[in-house]
Amino acid sequence: MKIIRVCLVAVVCAGLLTSSVWGATDDPVSFKQSVAQAGGTWCRTQEIFDARYPDRNNKDAQACPIEGPCDLVVNRDANIPNPGDPSLTIRLKFHILCNDDGTNCASTQAAVDAQMELTNQEYAPYGVTFVYETEFNNSTQYRSWADNEESGLKNTFADEPDKQCNIYVTYVEGSYSFGTFPWDNTALTNMGGIVMTEPAFGFNEKTLTHELGHCLGLWHTHHGVDEVTECGQCYERADNSNGDVAGDFCSDTRPTPTNFNCNDPSGNEPCTLTPWAPTDPQNYMGYSPDFCINEFSPQQAGRIHCWFAQELTGWVALGFLGDPREGSESVTVNFTYDSPLAGNSFKWYFGDGDSAMVENPTHTFGPGIFDVALTVSTDVGEITAVEQQFVTVWADTLDAPPVEEAPNTAGYWEINCTNALPVTEFILPVTLTNVTSVLFLDSVSFVGTRLDYFESKQVVFDNRFVGQLAYRVQANVGGGAPPLPPGSGPIARVHYRTRVNADPGDTSYIAMTPLSAYTLKATTLTTNYEPVFNGATLNVVSGCECPNQADIEPDNFVTALDLSACIDILFAGASDVQDPLCPSPRFDADCDNFTTALDLTVVIDHLFAGGAGPCDPCAL
Ligand SMILES: [Zn+2]
């Protein structure tokens with residue numbers, strides 16, 4: 001998993017609470033109110049969400065369920081920005097609709113720039129900055145837009161919706177605008193983004209601030225009153241009894257009926273008979289006129305940061321690329337700054353103690369897993385992006401010492417692993433050669449090795465009669481066992497038994513070539529890879545040892561003492577001696593497997609007549 005954090009150090013999150021004086025009860029009719037008076041709705045974000053997800057519509061029947069972890073107080077409050085906190089920089093993409101011939105555009109670049117200057121000013125106190133691109137899209141069809149054309153418009157013009165918020169500006173029949181909640185499954189698809197109606201966009205317009213609020217996780221401040229069942233479980237009561245768990249899930253935005261004015265509504269909330277006042281008509285997420293809205297609440301800011309981190313990190317404006325990002329032993333990575341923000345200066349931190357101060361550096365990494373950070377000075381401040389576990393370099397090797405074995409003997413190859421990275425899983429496909437003539441493949445064991453504590457050791461391929469056996473071993477399958485730490489030592493033993501009729505000089509070879517779908521593999525926290533394994537041999541040796549032939553009293557010499565012992569064996573009933581690894585008894589000097597007078601002759605000749613001495617049974 002990749003985690004991106006973007007910090008906008010230059011923006012100081014001061015002034016979360018602002019105050020202003022707003023008007024008397026005779027406010028002029030606002031655009032929002034005029035749409036309502038014509039029977040329309042200025043913002044249809046909620047209606048469109050309810051239509052898409054009817055199962056989430058009747059919240060009261062479901063006890064006001066949450067849409068995700070950011071609806072929980074603990075997560076919301078943990079994300080409330082403090083002055084000087086890291087800030088978000090979010091990418092927007094404007095699509096300004098024009099006629100087919102490029103005329104009659106719904107807005108101008110100057111109006112887009114003015115809109116964004118205002119929107120950025122309004123979000124600055126909450127640690128959010130937007131960067132944007134503008135594209136003029138020619139389509140007479142969508143230059144006047146009806147709500148049954150949503151998928152047509154968006155599927156035609158959406159651009160990288162997983163990397164930026166697409167915003168379409170055109171004339172909307174019904175004069176409404178709408179955004180897409182981050183918990184909507186379509187938020188990062190073509191069907192996400194914002195549709196802005198032309199008269200509500202441009203110089204001195206605040207509708208975009210409101211719609212972006214929806215996209216970043218905010219409900220209307222009147223959600224808990226006018227968009228749920230009255231006095232139902234999701235109804236937000238004016239007595240402060242359920243502001244955190246009902247309505248807009250912010251207890252610092254008091255419930256209110258939909259309010260087109262700058263002053264508090266009159267009257268009482270009907271369930272607890274508490275007066276509505278005081279409310280927050282100055283909140284961007286209400287319907288009050290643009291000239292008197294000027295704030296988000298601290299809890300709304302917490303929801304914005306929480307929902308962004310939860311669902312929308314792909315929209316972060318500052319990023320960088322690296323190629324390649326993994327490899328073996330030593331990897332040279334080419335880094336590229338990737339952002340629509342022009343950078344004035346750069347400082348890269350590679351996570352291995354080195355840094356660089358060019359825009360697109362190249363850096364060589366040794367074994368390890370590295371977090372990479374980039375701090376860029378831009379016209380909107382100094383921004384830092386961190387990508388955790390961005391580069392992975394492994395240097396893992398497996399080896400096994402060669403073995404020598406006599407026929408008809410059980411033994412094992414010990415497989416050692418030297419790993420530079422923590423390993424969570426191995427796949428070990430074992431192939432032995434010459435199994436028909438030299439040995440049997442018995443099993444693979446892990447007892448007493450570094451993998452002994454792994455929770456799962458599973459045979460995944462078993463054709464051991466032809467010398468093939470594959471294991472998957474996993475550290476944690478639910479019990480929480482940690483990865484194998486970097487180090488060196490045995491991880492497995494491959495057990496065999498040499499065949500009875502194997503001959504000295506025969507060989508077998510252990511390899512870890514793929515068996516069916518099972519390729520030698522180690523998995524670390526960020527990737528998986530094939531460690532190096534060079535194989536190892538088994539040599540069959542005779543297993544015969546007769547160092548004491550005719551040396552009955554073993555002292556490495558055949559002497560008169562041995563002659564006496566031989567005579568005792570032959571004529572006095574003494575027992576001959578059988579060495580366990582020797583095919584014949586000691587007093588079998590001619591190697592015919594019998595103890596006879598001929599053997600005595602060989603010994604006497606050797607002792608007194610310069611004879612060659614006893615034979616070697618192992619040489620036969
Ligand atoms: Zn709205």
Side-chain angles (χ1 to χ4, degrees), residues 30-53 56-57 59 67 71 92 115 118-119 122-123 126 128 130 145 147 150 165-169 172-184 186-187 191-201 205-228 234 236 247-250 253-262 265 279-297 299-301 303-304 307-308 312:
S30 68
F31 176 72
K32 302 165 193 178
Q33 196 166 10
S34 68
V35 172
Q37 286 172 350
T41 306
W42 167 68
C43 170
R44 283 202 186 165
T45 301
Q46 185 68 47
E47 284 175 40
I48 289 170
F49 179 76
D50 288 343
R52 275 186 191 168
Y53 301 99
R56 302 191 202 176
N57 195 348
K59 289 186 170 189
E67 296 287 352
D71 285 348
L92 310 179
Q115 171 74 78
L118 175 61
T119 302
E122 296 187 308
Y123 272 90
Y126 312 102
V128 176
F130 301 99
W145 185 86
D147 53 10
E150 182 184 2
C165 181
N166 282 279
I167 300 170
Y168 310 89
V169 183
V172 177
E173 295 173 24
S175 293
Y176 62 89
S177 302
F178 66 100
T180 310
F181 291 123
W183 50 84
D184 186 319
T186 70
M191 291 301 286
I194 295 172
V195 175
M196 292 289 303
T197 191
E198 176 182 350
F201 182 82
E205 295 291 341
K206 298 188 174 181
T207 299
L208 182 62
T209 301
H210 176 99
E211 298 303 339
L212 283 167
H214 285 314
C215 289
L216 296 172
L218 303 186
W219 308 94
H220 290 137
T221 47
H222 54 257
H223 179 68
V225 176
D226 283 347
E227 295 175 343
V228 298
C234 208
E236 187 174 356
D248 67 352
F249 287 82
C250 292
T253 58
R254 287 179 46 77
T256 177
T258 307
N259 183 2
F260 292 100
N261 298 306
C262 292
T279 64
D280 310 311
Q282 73 278 17
N283 195 283
Y284 292 122
M285 298 315 291
Y287 275 17
S288 298
D290 278 359
F291 67 81
C292 63
I293 57 173
N294 56 21
E295 75 171 30
F296 293 114
S297 74
Q299 292 177 9
Q300 285 177 319
R303 283 177 63 85
I304 286 173
W307 278 107
F308 189 87
L312 304 172

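Owing to the predicted nature of the structure, the values given are computational and were not obtained by experimental measurement. Counting convention: from 1, in listed order, for ligands and their atoms alike.
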Q | Carboxylate-amine/guanidinium proximity below 4.0 Å for Glu150 and Arg52 | A | yes
**Q.** Contacts of Glu173 that satisfy salt bridge (Lys or Arg N to Asp or Glu O under 4.0 Å) - sequence neighbours left out
**A.** none
Q: Mind jotting down which residue pairs meet the salt bridge (charged side-chain N to carboxylate O under 4.0 Å, His left out) criterion with at least one end in residues 214-223? Sequence neighbours excluded, please.
A: none
Q | Any side-chain heavy-atom pair of Thr256 and Asp280 under 4.5 Å | A | no
Q | Those residues that, when tested against Glu205, pass salt bridge (Lys or Arg N to Asp or Glu O under 4.0 Å) (two or more places apart) | A | none
Q) In total, how many protein N/O/S atoms does one find closer than 2.8 Å to the Zn ion (ligand 1)? A) 4
Q.
Looking at Arg303 and Asp248, is any side-chain nitrogen of the basic one under 4.0 Å from a carboxylate oxygen of the acidic one?
A. no
